[in-house]
Number of protein chains: 2
Amino acid sequence: MRFSMARKLSTLDPQRLDNQICFAVYSAAHAFNRVYKPLLDRLGLTYPQYLVMLVLWERDDVPVKDIGEKLFLDSGTLTPLLKRLEAAHLVKRTRSSEDERQVLIALTPQGHALKEKARSVPQSILAASDCSVAELVAMKDEIVALRDRLNAVIGE
Amino acid sequence: MRFSMARKLSTLDPQRLDNQICFAVYSAAHAFNRVYKPLLDRLGLTYPQYLVMLVLWERDDVPVKDIGEKLFLDSGTLTPLLKRLEAAHLVKRTRSSEDERQVLIALTPQGHALKEKARSVPQSILAASDCSVAELVAMKDEIVALRDRLNAVIGE
DNA sequence: ACGCATTCAATTGCGAACAATTAAATGTGA
DNA sequence: TCACATTTAATTGTTCGCAATTGAATGCGT
């Protein structure tokens with residue numbers, strides 16, 4: 001009786017680490033990062049750089065702001081990251097002639113070519129997840145919905 | 001026909017940003033961080049510091065390594081973080097006398113007292129999640145299971 | 001046309017996160 | 001006991017992530 005009470009209380013205590021969904025998400029993000037690392041090392045990319053490349057492989061020659069909106073990142077993060085990608089000869093940064101405030105990010109031939117080398121990455125992640133595609137899609141949709149509700153509160 | 005084909009292909013393309021569960025987790029973690037920030041600012045804590053305090057509020061006077069195992073963090077992250085908590089007079093760091101390699105982390109009276117001030121934080125997060133407790137618990141369990149499978153692959 | 005707000009990227013400063021290395025303490029086997 | 005491996009934190013260097021600020025370009029209202 002005393003034990004079951006104690007157990008019940010602890011599994012409901014919202015101040016306990018293992019009850020917090022945020023820590024689950026936080027620690028899962030790090031776990032993903034560690035799985036990605038050896039795969040992305042072969043491409044010479046970090047995970048955030050890989051995200052930027054994913055955006056650019058879908059649509060090229062976009063302003064920094066567009067990349068930021070898709071990845072929920074600001075210029076303080078993206079400017080130095082994009083300069084590193086430029087130093088690696090994967091992208092070119094040019095001021096837009098129509099709007100001199102914007103910097104357009106375009107892929108170099110090497111940047112385009114890297115897409116092929118990166119083709120096997122998602123499959124490796126899927127394997128590491130040890131989970132059916134359907135389950136992962138369902139989880140992804142739930143997490144995205146939660147994220148969007150959180151972001152809505154921030155804009156409030 | 002052409003349109004439905006294109007749509008079907010894009011929703012299955014594993015190289016598309018919006019199809020990647022990892023980006024969902026990554027961006028959700030940042031969204032959580034942004035929701036936590038104003039709450040934790042009032043406590044003078046960052047989110048990782050808050051996690052360390054959650055661990056210490058459950059059990060005090062533990063070596064750095066134990067904290068690292070619970071949070072999946074290493075000394076490269078924890079040592080400077082704990083020094084900042086010490087500078088804020090929330091914890092004390094002392095070498096263990098039984099094993100001089102270990103540094104034991106203990107709460108100061110202020111560190112203990114902060115637990116009360118932090119009591120309302122989980123409730124605020126729950127409200128921002130705009131989601132039932134049961135749903136959050138289910139999601140948390142799924143994400144933890146995924147994280148543990150990923151971590152198992154890393155140890156391989 | 002003028003003043004003024006807005007937009008966009010860059011910059012600065014701080015706090016993670018992690019790889020790789022170092023150094024000291026401890027444990028183990030011969 | 002002594003050599004050697006292991007454990008534990010600390011340190012160094014690189015890259016994110018974000019708040020806050022700056023500065024230039026653009027848009028808008030009068």
Side-chain angles (χ1 to χ4, degrees), chain A residues 22-23 26-38 40-41 43-52 62-69 71-88 91 93-105 151 154, chain B residues 22-23 26-38 40-41 43-53 62-69 71-88 90-91 93-105 151 154:
Chain A
C22 183
F23 176 64
Y26 166 90
S27 55
H30 292 319
F32 266 119
N33 209 351
R34 288 191 280 269
V35 173
Y36 268 104
K37 179 135 206 326
L40 296 181
D41 277 349
L43 306 177
L45 296 174
T46 65
Y47 181 69
Q49 290 169 4
Y50 172 67
L51 290 179
V52 169
V62 292
V64 174
K65 195 193 179 243
D66 287 23
I67 300 173
E69 281 172 359
L71 301 181
F72 305 97
L73 297 173
D74 66 4
S75 67
T77 301
L78 287 174
T79 296
L81 187 156
L82 290 166
K83 285 184 176 174
R84 279 177 221 115
L85 288 181
E86 189 175 43
V91 307
R93 298 172 341 109
T94 52
R95 287 270 161 197
S96 165
S97 49
E98 300 110 50
D99 186 341
E100 294 275 345
R101 290 171 301 183
Q102 296 185 342
V103 168
L104 299 178
I105 309 299
N151 279 332
I154 296 164
Chain B
C22 182
F23 176 65
Y26 166 90
S27 53
H30 292 320
F32 266 118
N33 210 350
R34 288 191 280 269
V35 173
Y36 268 105
K37 181 139 204 326
L40 296 181
D41 277 349
L43 307 177
L45 296 174
T46 65
Y47 181 68
Q49 290 169 6
Y50 172 67
L51 290 178
V52 169
M53 294 302 286
V62 292
V64 174
K65 194 192 180 242
D66 286 22
I67 300 174
E69 279 172 1
L71 301 182
F72 305 98
L73 297 174
D74 65 5
S75 68
T77 300
L78 287 175
T79 296
L81 187 155
L82 291 166
K83 285 184 176 175
R84 285 187 278 271
L85 288 181
E86 187 175 45
L90 296 173
V91 307
R93 302 163 57 247
T94 53
R95 288 269 161 200
S96 166
S97 50
E98 299 110 52
D99 186 341
E100 294 275 345
R101 293 170 300 182
Q102 296 185 342
V103 169
L104 300 178
I105 308 299
N151 279 333
I154 297 164

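Residue numbers start from 1 in every chain, and the chains themselves are labelled A, B, ... in the order their sequence lines are given, proteins ahead of strands.
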Between P of D:dA9 and CG of B:Leu104, the distance in whole Å: 8 Å

N/O (side chain, A:Arg95) to phosphate O (OP1/OP2, C:dC8) under 4.0 Å: no

Determine the interplanar angle of the A:Phe72 and B:Phe23 rings, folded into 0 to 90°, and report it as parallel if under 30°, tilted if 30 to 60°, perpendicular if over 60°. parallel

Please determine if a side-chain N or O atom of B:Lys65 lies less than 4.0 Å away from the OP1 or OP2 oxygen of D:dT6. no

For the atom pair NZ (B:Lys37) and OG1 (B:Thr46), what is the distance rounded to the nearest 0.5 Å? 9.5 Å

In whole angstrom, give the distance that lies between atom CG of B:Leu40 and atom C1' of C:dA16. 14 Å

Note: for B:Tyr47 and A:Glu69 on DNA chain C, the residue whose nearest nucleotide lies more 5' is A:Glu69

Flag side-chain contact, heavy atom, 4.5 Å: B:Leu81 against B:Pro48: yes

Please report the distance, rounded to the nearest Å, between CG in B:Asp66 and P in D:dT8. 9 Å

Nearest-angstrom distance from the residue atom CG of A:Leu82 to P of C:dA9: 10 Å

Nearest 0.5 Å, please: how far is OG in B:Ser27 from CG in A:Leu73? 9.5 Å

Close side-chain approach of B:Val64 and B:Leu82, heavy atoms under 4.5 Å: yes

Nearest 0.5 Å please: distance from the CG atom of A:Leu40 over to the CD atom of A:Gln49. 9.0 Å

What is the per-nucleotide protein-contact pattern of nucleotides 17-22 of chain D, from the 5' end, where B denotes a base atom under 4.0 Å from a protein heavy atom, S denotes such proximity for sugar-phosphate atoms only, and - denotes neither? BB----

Look at all strands and tell whether B:Pro63 reaches a base, only sugar-phosphate, or nothing, counting heavy atoms closer than 4.0 Å. sugar-phosphate

Using a 4.0 Å cut-off on protein heavy atoms (strictly under), produce a 5'-to-3' string for nucleotides 21-29 of chain C with B for base contact, S for backbone-only sugar-phosphate contact, and - for none. ----BS---

Evaluate A:Val35 against A:Asn33 for side chain to side chain contact (heavy atoms under 4.5 Å, CB included), listing each step before the verdict. CA-CA 5 Å; A:Val35 173; A:Asn33 209 351; over 6 Å; no

Taking only side-chain N and O atoms of B:Gln49, does any of them lie within less than 4.0 angstrom of OP1 or OP2 on C:dA16? yes

In short, the helix from C:dA1-D:dT30 to C:dA30-D:dT1 is bent end to end, axes from five pairs each side, to 10°, by 20°

Within this structure, what is the OH-to-C1' distance between A:Tyr36 and C:dA17, rounded to whole angstrom? 18 Å

Whole-Å gap separating C1' (D:dT6) and CD (B:Gln102): 14 Å

When rounded to the nearest 0.5 angstrom, what is the spacing between OG1 in B:Thr79 and CZ in B:Arg84? 10.5 Å

If you apply the rule side chain to side chain contact (heavy atoms under 4.5 Å, CB included), what do you find for A:Arg95 with A:Leu104, and how did you get there? CA-CA 6 Å; A:Arg95 287 270 161 197; A:Leu104 299 178; over 6 Å; no

Once you round to the nearest 0.5 Å, how far does CZ of B:Arg93 lie from CG of B:Leu85? 10.0 Å

Nearest whole angstrom, please: distance from the P of C:dA17 to the CZ of A:Phe23. 11 Å

Can a side chain N or O of A:Arg93 be found less than 4.0 Å away from OP1 or OP2 on C:dA9? no

Figure out the CG/P separation between A:Leu45 and D:dT14, and round it to whole Å. 19 Å

Are side-chain heavy atoms of B:Leu78 and B:Val52 found at a separation under 4.5 Å? yes

Chi angles and distances behind the ring-ring contact (aromatic ring centres under 6.0 Å, His included) call for B:Tyr26, A:Phe32: CA-CA 9 Å; B:Tyr26 166 90; A:Phe32 266 119; over 10 Å; no

